[in-house]
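Here the structure comes first, spelled out in structure tokens, and everything after it is commentary.
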Amino acid sequence: MTQIITVDEKNYNLKYNESVIETMETITGKEIMEILIDKKPVLALGDLKQYISNALYAEEGGKVPQVQGVKIYEALLHSKGYMFLNMLVIESIQRDCPFFFLAN
């Protein structure tokens, strides 16, 4: 289920796919599996900003530009807190990219 994020009376959600994950890995210099397995999944603050600001979609209007996404991330960090945002990213990746979590 998609979690709706509200900032300034506008609704947003996070959406991930292989392309977004590859972009995040390039930007952060860290593989998502390294984060999910080694870090028990905890993102560094700078990584969290990237994973949110580059995967944010407005409920009305589509993908949010990254610069605007950073402003929304900052508002969310101060209103919802780090742990809420970290779990939101991890849960959204689990929802959108289940192939990272499949086991035989």
Inter-residue atom distance Leu88.CG - Ile5.CD1, 0.5 Å rounding | 4.5 Å

Determine, using the 4.5 Å side-chain heavy-atom cutoff (strictly less than), whether Met24 and Tyr57 are members of one ILVMFWY cluster.
-> no

For Tyr16 and Ile21, which heavy atoms make the closest approach, and how far apart are they?
-> CD2-CD1, 4.0 Å

CD of Glu34 to CD of Glu25: how many Å apart, nearest 0.5 Å?
-> 9.5 Å

Thr6 versus Tyr12: any side-chain heavy-atom pair under 4.5 Å?
-> no

Are Met83 and Ile93 connected in a single hydrophobic cluster, I mean Ile/Leu/Val/Met/Phe/Trp/Tyr linked by side-chain heavy atoms less than 4.5 Å apart?
-> yes

Specify the closest pair of heavy atoms between Gln3 and Phe84, including all atoms of both residues, with the distance to one decimal.
-> NE2-CZ, 3.7 Å

Path from Leu45 to Ile27 over hydrophobic side-chain contacts below 4.5 Å | yes

Does Glu31 CD have over 12 foreign heavy atoms under 6.0 Å away?
-> no

Among Val20, Asn54, Leu85, Val89, which one satisfies side chain to side chain contact (heavy atoms under 4.5 Å, CB included) with Leu14?
-> Val89

Looking at CG of Leu77 and CD of Glu74, how far apart are the two atoms once the value is rounded to the nearest 0.5 Å?
-> 8.0 Å

When every non-hydrogen atom of Gly69 is compared with those of Val64, the smallest separation belongs to N-CG1, 3.7 Å

Student check: side-chain heavy atoms of Leu56 and Ile72 closer than 4.5 Å | yes

Is the count of non-hydrogen atoms from other residues, nucleotides or ligands lying under 6.0 Å from Lys10 atom NZ greater than 12?
-> no

Lys30 and Ala44 have their tightest heavy-atom pair at NZ-CB, 4.1 Å

How many angstroms lie between atom CD1 of Ile4 and atom CD of Glu59, to the nearest 0.5 angstrom?
-> 4.5 Å

Considering non-hydrogen atoms only, spot the tightest contact between Ser53 and Gln66 and give its length.
-> OG-NE2, 3.1 Å

Determine whether Gln94 and Phe100 make a side-chain contact, defined as any pair of heavy atoms from C-beta on separated by less than 4.5 Å.
-> no

Could you tell me whether Asp8 atom CG has more than 12 heavy atoms of other residues or ligands within 6.0 Å of it?
-> no

Walk me through it: do Tyr51 and Ile32 pass the test side-chain contact (heavy atoms from CB on, under 4.5 Å)?
-> CA-CA 10 Å; Tyr51 271 87; Ile32 188 66; 3.5 Å; yes

With side-chain contact (heavy atoms from CB on, under 4.5 Å) as the test, would you mind laying out the steps for Gln50 and Tyr73 before giving the verdict?
-> CA-CA 9 Å; Gln50 296 301 325; Tyr73 157 79; over 6 Å; no

Check whether the side chains of Thr28 and Asp47 place a donor and an acceptor atom closer than 3.5 Å, and report yes or no.
-> no

